[in-house]
Each structure stands twice: as C-alpha cells, then as structure tokens.
There are 2 protein chains.
Amino acid sequence: MSLSHGILGFLSYGNMTGYDLAKVFNSSVNFFWCAQNSHIYLELNKLEKQGYVSCEHIIQSDKPNKKLYHITESGKEEFLNWLSKDSSETVEKNKNAFLLKLFFSGEMKPEESIKILKKFIDDCQKYSDRMSSIPENISKNRDGIEDYKILYWEMTADFGYSYINLCIEWAKRCIQKLEVYK
Amino acid sequence: MSLSHGILGFLSYGNMTGYDLAKVFNSSVNFFWCAQNSHIYLELNKLEKQGYVSCEHIIQSDKPNKKLYHITESGKEEFLNWLSKDSSETVEKNKNAFLLKLFFSGEMKPEESIKILKKFIDDCQKYSDRMSSIPENISKNRDGIEDYKILYWEMTADFGYSYINLCIEWAKRCIQKLEVYK
DNA sequence: AGGCTCATGTAACCGGTTACATGATTAT
DNA sequence: ATAATCATGTAACCGGTTACATGAGCCT
C-alpha cells in the first residue's frame with residue numbers, strides 16, 4: 001500500500017524513471033521507508049496497469065535508453081485520497097522485532113543482553129550519522145518547491161532525530177538497570 | 001521470522017494452546033507485536049513440522065478439546081539462537097507509513113495536515129491508555145518468573161511510554177509550525 | 001433462545017525481500 | 001581491460017492480513 005503511494009508522491013513533484021526513484025528514495029525517505037529497486041520496477045508496472053502512471057520511452061545515445069514515468073490525473077486523485085485517509089494503523093499496528101527479542105531476553109545472561117543493547121546503541125549512532133546528510137539533501141532538492149512544503153520534510157527529519165535520541169537514551173537506561181544483575 | 005520466535009518464547013515459559021497464545025500476545029507484547037489468532041495456528045503447524053514444538057491432544061468434558069503445545073529441545077535451541085542473533089535490521093529497516101504520508105503532505109492544505117496530526121495525537125493517547133494496563137498484566141503473570149526477567153518486561157514498557165510521549169510532543173511541535181501557514 | 005467464552009482452523013491475497021540476471025555507455 | 005554509473009527487470013519466496021467458517025459447552 002505504501003511504496004506505490006510513495007512513488008506517486010515523488011512523481012507528483014516531477015517525471016522520473018525507476019532508477020531516479022530508487023535514488024530519491026534512498027536519499028530522502030530512506031530512514032523511515034526503504035525500497036529495493038526491483039520492488040520499485042514491479043510497482044511501476046502495477047501502477048501503469050491501474051492507470052495511475054503512464055510511461056514514455058526515451059531513446060538516449062550517450063546512456064542506455066530509459067522509461068520516464070508521469071503521474072496521471074487518476075493517479076493524482078488516488079495519491080490525494082491516500083494522503084487524507086486515516087492512518088491510525090501506524091500507531092496501533094506498530095511492530096518492533098528488537099523489543100520482542102528484548103522481552104524474552106531474561107532467558108539469556110545479563111552480560112549477553114548488555115552486549116546486544118550496546119550493539120543497538122551502535123546501530124542507532126550509525127543511523128544517526130547517515131541521517132546527518134538529510135539537511136544537505138533537502139537543500140539540494142528544494143528548488144522549485146515552496147517553503148511550506150519543505151516544512152514537512154523537516155518535520156519528518158525532526159521525528160527521526162528525536163526517535164534516535166530516545167532509542168539511545170532508553171538503551172543506556174536499560175544497560176544501567178542490567179549492570180546490577182551482572 | 002518473528003511471530004514464530006515469539007511463540008517459542010512464550011512456550012519456553014510453559015505449555016500453551018493456540019488460544020492461550022493469542023490471549024497472552026494481546027495482553028503483553030501487543031503494543032509492539034500484534035498477532036491474529038489465525039496466524040498463530042498457522043505458525044504452530046509450521047513449528048511442529050520443523051520439530052520446534054510438539055503437541056498433546058487434551059480431551060475435556062466441560063470445554064471443547066484442545067491442543068497443548070510444548071517446546072522441544074531443538075525449539076529451545078532455535079529460540080536461544082534467535083535471541084543472541086544480531087537484529088540491526090530493526091534500526092536500519094525501520095518503516096513508518098505515517099511519516100511517509102507526512103513527507104508528502106505539502107500537497108494538502110495545512111488545515112488538513114493539522115487535522116491529521118491531531119488525529120495522530122488522539123490515536124497515541126488511546127494507545128497510551130491501552131498501555132496503562134501493562135503493569136497490571138505484568139504483576140498478574142509474574143508468579144514463578146524471576147525478578148531479573150521481569151526487568152526485561154519493564155524495559156519494553158519503558159520504551160513504549162517514552163515512544164508514545166515522543167510522538168505526542170513531536171506532533172504538537174508540528175502543529176505549532178503549521179499554524180503559521182494556516 | 002441468545003450471548004459469552006473456549007477452541008481451531010482454511011483460502012485467497014498482498015506487500016515486500018532476496019537472489020538472480022542482463023546489458024549499454026563512460027571514464028580511467 | 002575494468003570499474004563505475006546508468007538502466008531494467010524476473011522468479012521464488014515469505015511473513016503477515018483479511019475474510020470466512022465451524023462448533024462445543026456454559027450461563028442467563
């Protein structure tokens with residue numbers, strides 16, 4: 001449900017190929033939505049069959065030929081529909097495999113879980129480092145995009161920073177509690 | 001990958017039926033892992049074929065008959081293996097459909113997005129209310145479980161509270177920023 | 001009779017991942 | 001030569017959801 005709408009979202013900014021979409025996914029929404037290129041191509045075909053996008057074959061001499069996708073009127077409608085639709089499932093059907101694992105970690109030695117939590121902190125730090133390129137990516141792609149639209153990009157980044165800080169602080173608290181039982 | 005291991009985790013606490021598992025899933029890990037009963041029954045069959053659980057038919061006169069599942073030695077091994085295995089994908093491949101939607105919300109009127117964010121806060125509040133039954137559930141199921149194991153349950157609950165507060169605070173910030181453009 | 005709890009499933013579908021596969025063009 | 005970038009896919013699989021389906025026994 002979501003990759004297809006993400007694609008429609010980006011195509012509403014301008015025409016793109018599957019290759020472009022894969023790149024833009026990885027340089028913008030990657031920290032809360034990752035996409036394989038194979039999946040993107042699959043989804044583009046589906047969207048074309050549904051009439052939400054149309055495609056134009058571009059013959060190139062300096063580079064391999066490509067397929068440039070446009071969003072159609074019915075695609076825009078579908079996209080706006082999705083935007084305004086309720087999305088409470090995100091809160092209700094939240095899944096976190098790491099927490100599930102931690103829930104059962106009483107079956108391991110505290111030392112083991114401390115190691116896992118330290119690795120978690122490490123992963124968060126790396127994620128945070130990758131996120132630091134976001135402001136740069138935003139300013140790189142902002143031409144032609146109105147200020148109040150950029151605001152939304154910044155709000156998602158704000159969430160990302162707050163979330164990753166929460167994770168790190170929480171994991172530190174956990175380690176502290178576990179040190180007692182070591 | 002995760003429901004099956006969650007099932008093994010609960011079975012390592014004691015023998016259960018599919019029905020018991022559905023109940024215990026919904027009263028404990030529900031806020032970071034939800035499970036349909038149909039899925040649980042499906043997964044139990046798979047686990048039995050893999051030799052990770054075995055089942056015992058219990059004939060009852062006062063209630064319908066049932067199938068009581070036990071974890072096997074190889075099931076315990078698989079479970080412990082999963083526990084100590086790396087889970088960095090949780091951080092790296094984090095998905096959040098709400099953020100994806102918000103990312104594109106510049107295509108809507110600010111009033112519309114404010115409404116969506118207020119709904120989000122509302123959903124968070126409801127989620128928070130449901131979470132308040134967790135301490136109760138923990139104390140209800142703690143008999144026979146060592147103190148340091150309960151600690152892990154509390155750590156996941158701690159995450160849940162912190163996360164939901166973050167969501168609410170963040171959404172309030174977003175609304176404030178959007179009020180300017182209203 | 002009607003509703004609740006207990007109890008177990010099947011079938012179709014769907015979004016997404018993994019692995020594999022190909023090939024043109026450009027720069028070094 | 002060969003690596004990098006550009007460019008597009010297929011096929012098998014998998015974890016999970018949705019909808020549907022059934023039925024025993026208890027309590028009121």
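The shown structure was predicted, so the numbers you read here are calculated from the model rather than taken from an experiment. Each chain gets a letter, A, B and so on, in the order the sequences are listed, and its residues count up from 1.
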Here the residues of residues 37-53 of chain A within 4.0 Å heavy-atom distance, strictly under, of DNA chain C are Ser38(A), His39(A)
Is the distance between the ring centroids of Trp33(B) and Phe25(B) under 6.0 Å?
no
Phe10(A)-Phe104(B) aromatic ring centre distance below 6.0 Å:
yes
Residues Ile59(A) and Asn65(A): closest non-hydrogen pair is CA-OD1, 3.4 Å
Identify the pairs formed between an N or O of the protein and an N or O of nucleotides 1-6 of chain C at a distance under 3.5 Å, and give each distance.
residue	atom	partner	partner atom	Å
dC6(C)	OP2	Tyr19(B)	OH	3.0

Heavy atoms under 4.0 Å, any strand shown: does Ser61(B) hit a base, just sugar-phosphate, or nothing?
sugar-phosphate
Any side-chain donor near an acceptor of the partner, Asp20(B) and Thr17(B), under 3.5 Å:
yes
Using the heavy-atom set of chain A and a strict 4.0 Å cut-off, write down the first and last nucleotide of DNA chain D that makes it in, 5' to 3'.
dT5(D) to dT18(D)
Go nucleotide by nucleotide along DNA chain C from the 5' end; which of Thr17(B) and Leu3(A) gets its closest nucleotide reached first?
Thr17(B)
Give Ser4(A) one of three labels, base, sugar-phosphate or nothing, depending on what nucleic acid heavy atoms sit under 4.0 Å from its own.
nothing
Does Ser74(A) reach the main-chain N or O of Gly51(A) with its side chain, forming a donor-acceptor pair under 3.5 Å?
yes
Glu77(B) atom CD, neighbour heavy-atom count above 12 within 6.0 Å
no
Please step through side-chain contact (heavy atoms from CB on, under 4.5 Å) for the pair Lys46(B) and Leu42(B), ending with a clear verdict.
CA-CA 7 Å; Lys46(B) 273 190 204 167; Leu42(B) 243 40; 5.9 Å; no
Would you please say whether a donor-acceptor pair under 3.5 Å links the side chains of Tyr152(B) and Ser113(A)?
yes
How close or far is atom C1' of dA24(C) from atom CD1 of Ile58(A), stated in whole angstroms?
17 Å
Ignoring hydrogens and angles, state whether a donor on the side chain of Asp158(A) or Ser162(A) is under 3.5 Å from an acceptor on the partner side chain.
yes
Does the ring centre of Phe98(B) sit less than 6.0 Å away from the ring centre of Phe32(A)?
no
